[in-house]
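Throughout, protein chains are lettered first and strands after them, A, B, ... in sequence-line order, and every chain is numbered starting at 1. Hydrogens, waters and symmetry mates are skipped; everything else that's a heavy atom, side chains included, is used. Because the structure is a prediction, the values reported are computed rather than measured.
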Amino acid sequence: MKKYNPKAIEAKWQKVWAKQKLNLAKDGSKKPKFYALIEFPFPSGDGLHVGHMRSYTALDVVARKRRAEGYEVLYPIGWDAFGLPTENYAIKTGRQPALITKQNTTRYRKQLQSLGFSFDWSREVNTTDPNYYKWTQWLFLQFFKKGLAYKAKIAINWCPKDKIGLANEEVVTRSTGSGQVEVCERCGTAVEQREKDQWLLAITKYADRLDRELDLVDYPEPVKLQQRNWIGRREGAEIEFKVINPTPDPLPEGEGEVGEFGYHTTDPNTWRVLQDRALEMRKSPTPAEKILWQSLRNNSTGSHFRRQQIIWKFIADFVCLEKALVIEVDGDIHDYQKVEDEERSTFLRESGFKVIRFHNDEVIKNTSLVVEKIKDQLKALPFGEGLGGVIKIFTTRPETIFGVTFIARAGKADRFTGEYAVNPANQEKIPIWEAEYVMDGVGTGAVMGVPAHDERDLEFAKKHNLPIKDVPMADQETLTKIGAKPHTTYKLRDWVFSRQRYWGEPIPLIFCAKCNEWQPVPDKDLPVKLPKVKKYEPTDNGDSPLANIKSWVETKCPKCGGAARRETDVMPNWAGSSWYYLAYLMKKAIGQRPTSLGLASSNIKHWLPVDWYNGGMEHTTLHLLYSRFWHKVLNDLKLVPGKEPYAKRTSHGLILAHDGEKMSKSRGNVVNPDELVKRFGADTLRIYEMFMGPFGQAIAWSEDGLVGSRRFLERVWKMAEKVDKKKGKGVAVSDLNPKLQSTIIKVGEDIEAMKFNTAISSLMILLNEFEAAASIPAQFFKTFLKLLSPFAPHLADELWHHLGEKKSIHLAPWPKGEKIASEKVKIVIQINGKTRDLIEVSAKISELELKQLVLEQPKVINWVKGKEVVKTIVVPRRLVNLVLGD
RNA sequence: GCCGCGGUGGCGGAAUUGGCAGACGCACGGGACUCAAAAUCCCGCGAGGGUUAACCUCAUGUGGGUUCAAUUCCCACCCGCGGCACCA
């Protein structure tokens, strides 16, 4: 037999397997299905590195084992090719991103093929292929049509020097003398925040399910935990604190009484008259009032409105007390009442109210615009200012309410507002503060300060000399009585889905000024293709470069046919990867016009869910969460089966560079497998990556052990020559079988548990035994090869054929190990818990006989001499421990 | 600060979940083969002591504890990596 020459045999077998279509998954197969998935790579200019290989090899091992176990296995591959590195390279070189991508994928494909992964190449997908992103766009439109996509003003990172918007990944934190500063990754200029209208996906509407339905899947606990922390579900209660004693008190001192809402009116009689009138007005509103009330009631603006509200001697149409906003809807009658209106507006303004007016016609004809204006106002106003309002507080510990000594709402500096609130539990008057540590956008933007039970509250109380009250906990009844409503909040924010960039999927929406609405691009017009541009940089005002292409932007409204403009933002990198596990199943459909039917094909039903998905921990809170979200939405639309896309998730540890840093081109520490494949062979590299350490743990790349893996394979190669021929001294053949059987069991279990390092180590041990044996039956060695074949597929197939087999080793069934209880067992003898001797006895020995035998051992006699055996512990088949007295 | 993961020979790491600590591999030392080197094969390889043998003592980040017995369980702490970060 020739020398082991991996270069020759690896290329040979790769061709044979491709020709025999060994790795193509059959859609209609009656075998049980197994869908193995790895995170498809981003084809960067650096080429594949040894870190990619770890995950791909691991699932390749699993996939090959499953095929041998009789499953129809789908192990697909594709390219997640939209993204910044390509775009930045395009900016630098002026080359087209599509061409750069093509070049990179060609290189990656070659590299992956040289490593012998059993991917089904017939299903290769590419997120930048118009056929692919046509579907990404269509799926986005399903979100839009379901009301899950909306536009809102969101701050983006803006580099004032480069004059472009930056993705979060392009912003780095730098430490300066005065603290941490966010700077532009390229030029180092401090990043500013700029508000831009952006598309968002309402992932928060699925927060609860994304949390709860983690119970349905087999993910590592740390992954579940990290997702749960990210979603940040908090159960608690919402409690209203009434605000009293408004400042400055602008009201004339009448006979006065504290009214229902805690502020003064003139005198009781006037108040009663006003109340009657207000009630009457509420019963018979004007058409405009009626329409507007529909939009304001039930907290639909996010704030609580009252109508026909008495304020001093006036009745205001709509009032939001917590924001101190008054909305007046005027008819023509006001033309006669100018003086009164003046007086009332002046009074309200002086009392701290903001007053906005709309005309009846305005409200009736353009309700949505009016409501938008009101919402904008509400947004601009601080919370809880004004007269007789309430402050809503979300707390996870409502039972501590008796210990509340202050209220603090979000503010830029610590400051007493001069206002007080009433603790609904004990009617105590407590001060309202603004505090730096309270954040807008968390909970209700205000906290009840309980210094005795919260560290930050305590710190604040100490700093500002506020009382600290330690008290018994409130019971459920008290909480109900004070109107505490059970409430759940989430840390998760909606997903900002707009990028002012070029290299992404155009968002397929059109704004028509006439319809005053965003219109979806009709299915028949998809994909909205990325037009070719000359410059790939975002524009001076931060818009996508697409905004500069007039001919592309200007289009017709799909609804009314009038002049309209396209959305110029593109989708984030995470869009295409949110559904790629479906794309692999859509072989033919992907080229066709997107429809619900095309998606809900039998293939998708057949293959879902993904049975085993391996990927990196770094994707836990982004990609993994996003794609679960998409799947749930698609499931609600009855487009895909099942609540969860991935039945089982595992994580690999990162392979770091020699220096222990993350591999990246900018650090110049990327290790490319090509040269290693040339020097050692793909099989050696695969074995080494699986052997170098525990799969789930990060490990620094080192080539020191590679030679050991190569030696192992060389020894396997040599062993093939000795099979059934070797004569002479050594272990008897029959002694090999128990070891072989236990290795079969061990390797099988280890692969399932992703303990590849110990699987390989047990194969090495078996080989060591083979080498020591007098002769090796061919069947034994074939079984060994089969166990080795998922790890070193080329070498295994080559030797398999040497032994006379005609079909590929990868078509042979996975061996079943037999548990053979050995006749003899080794028993550890301990004296006072310390190992003193080791004896070999029959496995069938009785406990009594064993104890006797132990006491007869010369070493034991020596240790026991002159002492008493107080206690004897016997662990069957394992150990005897003698406890001696003094 | 909080959450998660980890800490075992010169190095990567094993240890059937409480039962021989250091499997397997790398590196290293000695030997065989060779004119020589490489490759290969054999032997050794945690530290200290010991008549360099048998054997003994110590040793799994540190300090305590539980147990006949602890790398494994409990308590307190130290260090490294990753994530979140005034989250009410």
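- With both ends at atom C1', the span from B:A47 to B:G9 equals 9 Å, rounded to whole Å.
- The C1' atoms of B:U67 and B:U72 are separated by 13 Å, rounded to the nearest whole Å.
- As judged by a 4.0 angstrom heavy-atom cut-off over every strand, A:Ile699 is placed among residues touching the sugar-phosphate backbone only.
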Are there any protein N/O atoms within less than 3.5 Å of an N/O atom in nucleotides 76-84 of chain B, and if so, which ones and at what distance?
none

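- At the heavy-atom level, A:Val438 lies under 4.0 Å from base atoms of the strands shown.
- At a threshold of 4.0 angstrom between heavy atoms, the contacts of A:Lys662 with the nucleic acid are absent.
- OP1 or OP2 of B:U40 lies within a sub-4.0 Å distance of a side-chain N or O belonging to A:Arg711.
- In this structure, A:Phe691 reaches the bases: a heavy-atom distance under 4.0 Å links it to at least one base atom across the strands shown.
- Within the structure, salt bridge (charged side-chain N to carboxylate O under 4.0 Å, His left out) contacts touching residues 225-241 of chain A (residues at least two apart or in different chains) are A:Asp208-A:Arg233, A:Asp211-A:Arg228, A:Asp215-A:Arg228, A:Arg233-A:Glu235.
- Here the separation of B:A21 from B:C26, taken at their P atoms, is 25 Å to the nearest Å.
- Here B:C3 is the nucleotide among B:U16, B:C3, B:A88 with the atom lying nearest to any side-chain atom of A:Asn229.
- Remark: the separation of the C1' atoms in B:C79 and B:G61 is 7 Å, to the nearest Å.
- Set against B:C20, B:A14, B:C26, the side chain of A:Gln830 has B:C20 as its closest nucleotide.
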Can you give me the N/O atom pairs linking the protein to nucleotides 53-58 of chain B at distances under 3.5 Å, or say none if there are none?
from  : atom 1 : to       : atom 2 : distance (Å)
B:C55 : OP1    : A:Lys859 : NZ     : 3.1
B:C56 : OP1    : A:Arg836 : NH1    : 3.4
B:U57 : OP1    : A:Arg836 : NH2    : 3.2
B:U57 : OP2    : A:Arg836 : NH1    : 2.9
B:C58 : OP2    : A:Lys834 : NZ     : 3.3

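- Comparing B:A59 with B:A54, their P atoms sit 22 Å apart, to the nearest whole Å.
- A:Val447 comes within contact range of at least one nucleobase, with a heavy-atom separation under 4.0 Å.
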Do any N or O atoms of the protein come closer than 3.5 Å to N or O atoms of nucleotides 44-52 of chain B, and which pairs are they?
none

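- OP1 or OP2 of B:A23 has not a single side-chain nitrogen or oxygen of A:Asn757 nearer than 4.0 Å.
- If you find the closest nucleotide of RNA chain B to A:Leu838 and to A:Leu882, the one lying nearer the 5' end belongs to A:Leu838.
- Helical stems in RNA chain B, defined as runs of 3 or more consecutive Watson-Crick or G-U wobble pairs with donor-acceptor distances under 3.5 Å: B:1-7 with B:78-84, B:10-12 with B:24-26, B:28-32 with B:40-44, B:46-49 with B:55-58, B:61-65 with B:73-77.
- For the pair A:Thr489 and A:Lys826, nearest-nucleotide mapping onto RNA chain B gives the more 5' position to A:Lys826.
- When distances run from any side-chain atom of A:Ile873 to the nucleotides B:A88, B:C68, B:G25, the shortest one goes to B:C68.
- Candidate nucleotides B:U16, B:A15, B:A88 were compared by shortest atom distance to the side chain of A:Thr758, and B:A15 ranks first.
- Remark: A:Arg234 is in phosphate contact with B:A88, judged by side-chain N or O atoms under 4.0 Å from OP1 or OP2.
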Which atom pairs, donor and acceptor, lie under 3.5 Å between side-chain atoms of residues 753-765 of chain A and protein residues at least two apart or in another chain?
from     : atom 1 : to       : atom 2 : distance (Å)
A:Thr758 : OG1    : A:Asp750 : OD2    : 2.8
A:Thr758 : OG1    : A:Lys755 : O      : 3.0
A:Ser762 : OG     : A:Thr758 : O      : 3.4
A:Ser762 : OG     : A:Ala759 : O      : 2.8

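- Residue contacts shown for A:Asn768 are limited to sugar-phosphate atoms, with no base heavy atom under 4.0 Å away.
- An OP1 or OP2 oxygen of B:C3 is reached within less than 4.0 angstrom by no side-chain nitrogen or oxygen of A:Lys224.
- Out of B:G25, B:G19, B:C26, the shortest distance to the side chain of A:Asp704 is found at B:C26.
- A:Tyr437 and A:Asp414 form no side-chain donor-acceptor contact under 3.5 Å, judged by distance and modelled atom types alone.
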